[in-house]
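Okay, structure first, notes after.
Below, all heavy atoms of this structure are taken into account, side chains as well, without hydrogens, waters or symmetry copies.
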Amino acid sequence: MYREQKEMSLGLGNTNGSEWYKLRSNCIQRMLRPREVAHYLPEVDRTAGLLLDTVARRSEEHSEGQVPGLRELIGRWSLENAGMLVFDK
């Protein structure tokens with residue numbers, strides 16, 4: 001409501017249609033540059049490795065290779081990567 005009252009964009013994740021396309025078009029130009037991707041690749045690779053290690057460990061601890069809490073693990077990994085990309089930390 002605050003953003004709407006101030007006539008601010010709701011952001012890429014909260015819009016649809018032409019406004020979403022406009023925002024996406026602006027950010028995708030930067031995100032598709034190999035140099036930009038390469039800057040974040042080591043950290044994304046590190047977090048992916050940590051996720052895989054955790055999944056493997058949990059799979060070994062449970063019968064039939066089940067991974068309890070997999071959805072939560074992937075959600076945490078996704079949030080960590082988003083934070084790293086947005087805040088560079």
Side-chain angles (χ1 to χ4, degrees):
M1 289 174 59
Y2 175 83
R3 288 177 162 264
E4 286 178 347
Q5 289 172 353
K6 300 291 182 180
E7 297 183 11
M8 298 170 66
S9 171
L10 298 178
L12 188 59
N14 297 317
T15 58
N16 292 307
S18 61
E19 185 177 354
W20 174 85
Y21 184 78
K22 178 183 164 191
L23 291 171
R24 185 183 181 281
S25 296
N26 287 334
C27 72
I28 203 72
Q29 295 300 319
R30 182 172 182 197
M31 291 173 60
L32 289 178
R33 292 182 189 149
R35 185 174 28 191
E36 293 293 331
V37 173
H39 173 75
Y40 296 104
L41 190 56
E43 192 62 23
V44 171
D45 186 54
R46 184 188 71 79
T47 60
L50 292 171
L51 172 66
L52 292 177
D53 291 344
T54 303
V55 167
R57 188 181 73 249
R58 286 191 182 186
S59 175
E60 290 171 0
E61 293 171 354
H62 292 85
S63 64
E64 300 178 20
Q66 294 179 358
V67 182
L70 180 61
R71 182 178 295 201
E72 179 187 342
L73 286 173
I74 292 173
R76 289 169 49 195
W77 170 78
S78 177
L79 183 60
E80 183 170 351
N81 275 308
M84 185 266 306
L85 292 170
V86 172
F87 302 115
D88 206 16
K89 291 187 182 255

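- In this structure, CD on E61 lies 13.0 Å from CD on Q66, to the nearest 0.5 angstrom.
- For the atom pair OG of S59 and CG of L52, the computed distance is 11.5 Å after rounding to the nearest 0.5 Å.
- Contacts of L41 classified as side chain to side chain contact (heavy atoms under 4.5 Å, CB included), with partners at least two apart in sequence or in another chain: none.
- T47 and V44 make their closest contact through OG1-O, 3.0 Å (heavy atoms, listed as atom of the first residue, atom of the second, distance).
- Rounding to the nearest 0.5 Å gives a distance of 11.5 Å between CD of E72 and CG of L79.
- The side chain to side chain contact (heavy atoms under 4.5 Å, CB included) test applied to R71 returns no partner, not counting sequence neighbours.
- Within the 4.5 Å cutoff, side-chain heavy atoms of E80 are placed close to those of R46.
- For T54 (side chain) and L50 (main-chain N/O), a donor-acceptor pair under 3.5 Å exists by modelled atom type.
- Interatomic distance, CH2 of W77 versus CG of L70, reported as 11.5 Å (0.5 Å rounding).
- In the hydrophobic clustering of ILVMFWY residues, with side-chain heavy atoms under 4.5 Å counting as a link, V55 and I74 come out together.
- When every heavy atom of P68 is checked against every heavy atom of R58, the shortest pair comes out as O-NH1, 2.8 Å.
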